[in-house]
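Okay, so here's the structure we're looking at.
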Amino acid sequence: MHAGLVIGLKCWARALGGLTMASMLAGASGAALAQSYPTRPIRLIIPYPPGGAGDIVGRLLANKLGENLGQPIIIDNRGGGAQVIATELAAKAAPDGYTLFLASATHAINPGGKKKLPYDTVKDFAPITMVANSPLLFVANPSVGISNMKELVALAKAQPGKLNYGSSGPGTGGHLSVELLQVMTGISMTHIPFKGAGPALTDLIGGQVQIVSTSPLAALPFVKAGKLKALGMTGRSRFPTAPDIPTVAESGFPGYEASLWYGLLAPAGTPAAIISRLHADTVKAIKSSLVSEQLLTNGAEPSGTSPQELQSFIVADIKRWTDVIKSSGIQIE
């Protein structure tokens, strides 16, 4: 064999061995990192003030996840600014596994509704898992005289612009879930924004507005009392605690889906070994009877996706809401 070829093969073998050894060391280092993590309390940034649905979901998760990880999880409520303040804080935190972020549907709405954001919604975060999905419920004042989604759409087509629908504010899930229906069906209703779901439901019961899309947890007590009429759930499937209420999609509008989802994220660059550990312990927490039962009681359906599935969902959700915002011409700023 030619001497040069022999020397070349030996060099290639040494290089390959070096790469293999480096890979083995990296793998061992990652495994050791996951085993030693965490060594101090973890901060969970929640983009809501205390007491709201998102805060309830975050605290339920934090208590059980902290037990699984062996370290307390400290809640950091950062409400306001359409969640931009909290999201920027999380995006710019050190990617060491000690800052987590509870993202929600607004995380995917903001890119289409805001001219400029101080972070990249996708690139600046490492997904961990979907925590829960909470559908919305279309409800009507009984005096409107409709009983389902088909009748709502038919009435809105017959009286364009005359029906008023309330929401907890511009750009919220309740607002955009109705706009999505309008884009899909070609109907036109007038948006009346409120400072929260409570005031919107109060005026719905009083007859000042005719339609509201809001949390089942907030609306179902009024439905059971006969003060409101349930028309349809906005989720992909019927909600476990209200199986008699059909979804909007199965009511004659296939492809319709809107939900108030909650996903756990970390800053981009967080080591893969830590993401893997967080994913395993978070899913374990979500699937526990304590957390899953409490989530259902509070109007949210437990999830527990892979990081890749959450990433794909967020990308698709951004596109969907951006399209709805552009098609409807609504202003969120």
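Quantities reported herein were computed from a predicted structural model and do not represent experimental measurements.
Closest heavy-atom contact between D96 and T270: N-OG1, 4.4 Å. Nearest heavy atoms, W321 versus A258: CH2-CB, 3.9 Å. Of all heavy-atom pairs between A91 and Y119, the closest is CB-CB, 3.9 Å.
Taking the centre and axis of the six-membered ring of Y98, the NZ or CZ atom of R40 falls inside the cone set by 45° and 6.0 Å.
For the pair V291/L65, no side-chain contact is recorded, criterion being any heavy-atom separation below 4.5 Å from C-beta on. Side-chain contact check for L201 versus K227: every heavy-atom pair is 4.5 Å or farther apart. Taking 4.5 Å as the limit, some side-chain heavy atom of I109 sits within range of a side-chain heavy atom of I325. Two residues are said to be in side-chain contact when any heavy atoms from C-beta on lie closer than 4.5 Å; N63 and L290 fail this criterion. Taking the side chain as every heavy atom from C-beta outward, I211 and L204 never approach each other to under 4.5 Å.
Residue L137 is tested with V248, T214, I245 for a side-chain contact (heavy atoms from CB on, under 4.5 Å); the sole match is I245.
Looking at H107, its side chain does come within 3.5 Å of a backbone N or O of T121 through a donor-acceptor pair. Remark: side-chain polar atoms of E250 are paired, donor with acceptor, to backbone N or O of T247 under 3.5 angstrom. With E301 contributing its side chain and F239 its backbone, the two residues share no donor-acceptor pair below 3.5 Å. Under the 3.5 Å distance criterion, the side-chain polar atoms of E309 are matched with a main-chain donor or acceptor of S306. Between the side chain of S288 and the backbone N or O of A285, at least one donor-acceptor pair lies under 3.5 Å. Q311 places no side-chain N or O within 3.5 Å of a backbone atom of P127 that could act as its donor or acceptor partner. At least one donor-acceptor pair under 3.5 Å links the side chain of K287 to the backbone N or O of S303. The closest donor-acceptor contact from the side chain of S213 to the backbone of S177 lies at 3.5 Å or more, if one exists at all. Side-chain N or O atoms of D55 include none that pairs as donor or acceptor with a backbone N or O of P49 at under 3.5 Å. A donor-acceptor contact shorter than 3.5 Å is absent between the side chain of R78 and the backbone of I46.
Atom NE2 of residue H175 and atom CD1 of residue I330 lie 4.0 Å apart, to the nearest 0.5 angstrom. Here N68 contributes atom CG and L278 contributes atom CG; the two are 11.0 Å apart, rounded to the nearest 0.5 Å. Taking CZ of R43 as the reference point, atom CG of L89 lies at 5.0 Å (rounded to 0.5 Å). With rounding to the nearest 0.5 Å, the separation of CE in M184 from OG in S327 is 12.0 Å. Here D76 contributes atom CG and L100 contributes atom CG; the two are 11.5 Å apart, rounded to the nearest 0.5 Å. In this structure, the separation between OG1 on T129 and CG on L310 is 6.5 Å, given to the nearest 0.5 Å.
Residues satisfying the side chain to side chain contact (heavy atoms under 4.5 Å, CB included) criterion with T106, sequence neighbours excluded, are Q83, S104, N110.
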> Hey, mind stepping through F138 and L181 against side chain to side chain contact (heavy atoms under 4.5 Å, CB included) and telling me if it holds?
Replying inline: CA-CA 11 Å; F138 274 86; L181 181 70; 4.1 Å; yes
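With 3.5 Å as the limit, one finds no donor-acceptor pair spanning the side chains of N148 and S251. The closest side-chain donor-acceptor pair between Q182 and Y165, if any, does not fall under 3.5 angstrom. Residues N77 and R59 bring a donor and an acceptor atom of their side chains to less than 3.5 Å of each other.
Using a cut-off of 4.0 Å between Lys/Arg side-chain N and Asp/Glu carboxylate O, R320 and D317 are scored as salt-bridged.
Classified by interplanar angle (parallel below 30°, tilted 30° to 60°, perpendicular above 60°), the ring pair F313/W261 is perpendicular.
Alongside I74, the hydrophobic cluster contains no other residue (criterion: ILVMFWY side chains under 4.5 Å).
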